Amino acid sequence: MKHIAIIGGGVSGMTAAIAAAEQDPSARITILEHKPQLGKKILVTGNGHCNLANTHLTPDCYRSEDPRFIQAVIQKTRWQDTVRFFEDLGLPVRAKGNYLYPRSGQASSVLRVMTRRLKELGVEICLDTHITKIIPKGTGFQIHAGSKTCQSPKKICDADRVILACGGKAAPVQGSDGTGYDLAKSFGHTIVPVVPALVQLKVEDSPFVKASGVRTDGKVSVYVNGKVCSEDSGELQLTSYGISGIPVFQVSRYAAKGLYERKQVWLSVDFVPELSDRELLSLFRKRAEALLRSPRLTLEEFLLGFFPDKLIVPLLKQAGLSGRIRVPDLEHYHLDKLVSACKHTRLTITDTNGFESAQVCAGGVSTAEIDPDTMESRLRKGLYLAGELTDADGICGGYNICWAVTTGRLAGRSAVL
């Protein structure tokens, strides 16, 4: 009887266990999880709603140092495969636009159907088990566990195959503490530097501190050493420390990597992305002409209704203009400066909110050392890697759970062959 040991009980680990047990019912499958429960991170995914997948699934929805690996894996799957996996577990799935969620709207439903299937398949589950060392033994492995500070970890089992599905470092309170990288390194694997991704950004001397709490549509472009690396549009959230919102999350991994490499990182914010500079200037001029009949109207009042109230004064300050300037006194250069502030506000990025706030990590085990057909290590036969541990991070929208399921199934099925 083959024994498959899976290190980590998140989405990728549980998926690998289900896939392996269904592929070979005679195999012994064990999940070794260091938290007191499986799938703790699932419960907070998508603000507790758990975005499972996305009907728009292409390789460019993922980032990696090795895009060819992403393409090779994604070519093997469709978004329907992820949906079918969950529906086969008994989970009704519904779409909201391109986004796919459990019909209940509850992440807990996802965890319950997965753990129920594990029990049906007879998968062994060992909780509160911190794996500290995996030692090659012949064609198999010896697995040792203990506390993080334990100098003499004890052997707990032998395994014919091992699947590392330990997660990354994002949201460590949910169990992702980065120990999987050390286990992979012990087999000679290269770790692409790991930084927070899908995370908020901190701004140096932010001009929008007094606009904290404002939500407004906009476009953000991240620059690293003067070169634009990524752009995204949508609802922005201004905060006391900097800037947040889905568009910021989407570009944050590039900012984090730039900061890690000690490069200059800044964000260009466009608060009127639907208009070009020329179009906005023309709109402001027409607006000013139309309001000449109100000689007491100030520039601050001129912008009323155009931007959220709390954003108007900070934007004027960014433009170097007094809100008390009367509309009849506006010169062309005033409007030019106002357009520049609205369309090209530059924010110097000093940091991210860290792994504690990140949804996923960028970086991880180099995918050049993993077989995309099986997720088996190219460095050690019988060792497989899946999920966030690998150097692959998806954008917002269900892509990271989809990656966990896809790679978990590949690893689980391959490990029992």
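What's counted below: heavy atoms across the whole structure, side chains too, no hydrogens, waters or symmetry copies. Quick caveat, the model's predicted, so the values are computed rather than measured.
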| query | After noting the C-alpha distance and the side-chain angles of His189 and Ser377, does the key distance pass the side chain to side chain donor-acceptor pair (under 3.5 Å) rule? | reply | CA-CA 9 Å; His189 277 285; Ser377 165; 2.7 Å; yes
| said: Contact between Gln200 and Thr239 at the side-chain level, heavy atoms closer than 4.5 Å - yes or no? | reply: no
| With side chains defined as the heavy atoms from C-beta onward, is the minimum distance between Leu198 and Cys396 less than 4.5 Å? | yes
| Do the side chain of Arg116 and the main chain of Leu89 share a donor and acceptor less than 3.5 angstrom apart? | yes
| query | Going by atom types alone, do Glu279 and Ser282 pair a side-chain donor with an acceptor below 3.5 Å? | reply | no
| request: Kindly say whether Gln264 contributes a backbone atom to a donor-acceptor pair with the side chain of Asn225 at under 3.5 angstrom? | output: yes
| How about Thr115 and Met14: do any of their side-chain heavy atoms sit closer than 4.5 Å? | yes
| said: Using a 3.5 Å distance criterion without hydrogens, assess whether the side chain of Glu33 forms a donor-acceptor pair with backbone atoms of Cys126. | reply: no
| task | Kindly indicate, with the supporting measurements, whether the criterion side chain to side chain donor-acceptor pair (under 3.5 Å) is fulfilled by Ser221 and Ser268. | result | CA-CA 5 Å; Ser221 305; Ser268 178; 5.3 Å; no
| message | Whether the side chain of Asp393 engages the backbone of Val360 through a donor-acceptor N/O pair (distance < 3.5 Å, no angle test) should be reported. | response | no
| request: Flag the pair Val339 / His334 as yes when at least one side-chain heavy-atom distance between them is below 4.5 Å, and no otherwise. | output: no
| field | Salt-bridge present (Glu261, Lys263; N to O < 4.0 Å) | value | yes
| request: Could you go through the side chain to side chain donor-acceptor pair (under 3.5 Å) check for Ser64 and Asp391 one step at a time? | output: CA-CA 6 Å; Ser64 172; Asp391 173 32; 3.3 Å; yes
| Separation between CG of Leu32 and CD of Glu124, rounded to the nearest 0.5 Å | 9.0 Å
| request: State the CD1-CG distance between Ile131 and Leu183, to the nearest 0.5 angstrom. | output: 8.0 Å
| request: State, with a plain yes or no, whether a side-chain heavy atom of Cys157 is found less than 4.5 Å away from one of Thr30. | output: no
| task | Kindly say whether Ile246 contributes a backbone atom to a donor-acceptor pair with the side chain of Asp232 at under 3.5 angstrom? | result | no
| salt bridge (charged side-chain N to carboxylate O under 4.0 Å, His left out), paired with Lys76, selected from Asp81, Asp371, Asp373 | Asp373
| request: Taking atom NZ of Lys210 as the centre, report whether more than 12 heavy atoms of other residues, nucleotides or ligands fall under 6.0 Å from it. | output: no
| request: Heavy atoms only: give me the nearest Ile395-Asn400 pair and the separation to one decimal. | output: O-ND2, 3.8 Å
| remark: So CG of Leu52 and CD1 of Ile401: to nearest 0.5 Å the spacing works out to 5.5 Å
| field | Verdict with supporting geometry, Tyr399 and Asn54, side chain to side chain donor-acceptor pair (under 3.5 Å) | value | CA-CA 7 Å; Tyr399 296 103; Asn54 199 295; 3.3 Å; yes
| field | Enclosure of Lys219 NZ (heavy-atom neighbours >12, cutoff 6.0 Å) | value | no
| request: Determine whether Leu311 and Phe271 make a side-chain contact, defined as any pair of heavy atoms from C-beta on separated by less than 4.5 Å. | output: yes
| Quick one: does Arg28's side chain have a donor or acceptor within less than 3.5 Å of a partner on Ile4's backbone? | no
| message | Salt bridge or not between Arg63 and Asp60? Use side-chain N to carboxylate O under 4.0 Å. | response | no
| query | Mind checking whether Phe306 and Phe284 have parallel, tilted or perpendicular rings, split at 30° and 60°? | reply | tilted
| Working for salt bridge (Lys or Arg N to Asp or Glu O under 4.0 Å), residues Lys41 and Glu388 | CA-CA 12 Å; Lys41 193 173 180 180; Glu388 193 182 339; 3.1 Å; yes
| task | Measure from the side-chain N and O atoms of Ser252 to the backbone N and O of Phe249, and report whether any donor-acceptor pair falls under 3.5 Å. | result | yes
| query | Do the side chains of Phe187 and Pro136 get nearer than 4.5 Å, heavy atoms only? | reply | yes
| said: Using a 3.5 Å distance criterion without hydrogens, assess whether the side chain of Thr15 forms a donor-acceptor pair with backbone atoms of Gly408. | reply: no
| task | Please report the shortest heavy-atom distance between Val265 and Leu259, naming the atom on each side. | result | CG2-N, 3.8 Å
| field | Lys/Arg-Asp/Glu bridge criterion (N-O < 4.0 Å) met for Arg215, Glu235 | value | yes
| message | Within the structure provided, determine whether Glu369 and Thr190 are in side-chain contact (heavy-atom separation under 4.5 Å). | response | yes
| said: Check Glu120 with Arg117, please: is the shortest side-chain N to carboxylate O separation under 4.0 Å? | reply: yes
| remark: For Gly364 and Tyr181 the tightest heavy-atom approach is CA-CE2, 3.7 Å
| said: Quick one, Asp128 with Lys35, criterion salt bridge (Lys or Arg N to Asp or Glu O under 4.0 Å). Give me CA distance, side-chain angles, the key distance, then yes/no. | reply: CA-CA 5 Å; Asp128 289 314; Lys35 298 296 283 185; over 6 Å; no
| message | Quick check: closest heavy atoms across Gly178 and Lys169, and the distance to 0.1 Å? | response | CA-CG, 3.5 Å
| Over 12 foreign heavy atoms within 6.0 Å of CZ, Arg68 | no
| request: Measure the CE-OG1 distance between Met375 and Thr406 for me, rounded to the nearest 0.5 Å. | output: 9.5 Å
| said: Between Lys2 and Asp160 (salt bridge meaning N to carboxylate O under 4.0 Å), is one present in this structure? | reply: no
| query | Are there more than 12 heavy atoms of other residues, nucleotides or ligands under 6.0 Å from atom OH of Tyr260? | reply | no
| Between Tyr101 and Lys96, is there a cation-pi geometry (under 6.0 Å to ring centre, at most 45° from the normal)? | yes
| Heavy-atom donor-acceptor pair, His3 side chain to Ile29 backbone, under 3.5 Å | no
| remark: To the nearest 0.5 Å, atom CG of Leu315 lies from atom OG1 of Thr216 at 9.0 Å
| remark: Smallest heavy-atom separation, Pro207 atom then Pro314 atom, equals O-CB, 3.4 Å
| Does the cation-pi check pass for Arg380 over Phe141, that is, NZ or CZ under 6.0 Å from the six-membered ring centre and within 45° of its axis? | yes
| task | Calculate, to the nearest 0.5 Å, the distance between atoms OH and OG1 belonging to Tyr223 and Thr348 respectively. | result | 13.5 Å
| Between Thr390 (side chain) and Ala386 (backbone), is there a donor-acceptor pair under 3.5 Å? | no
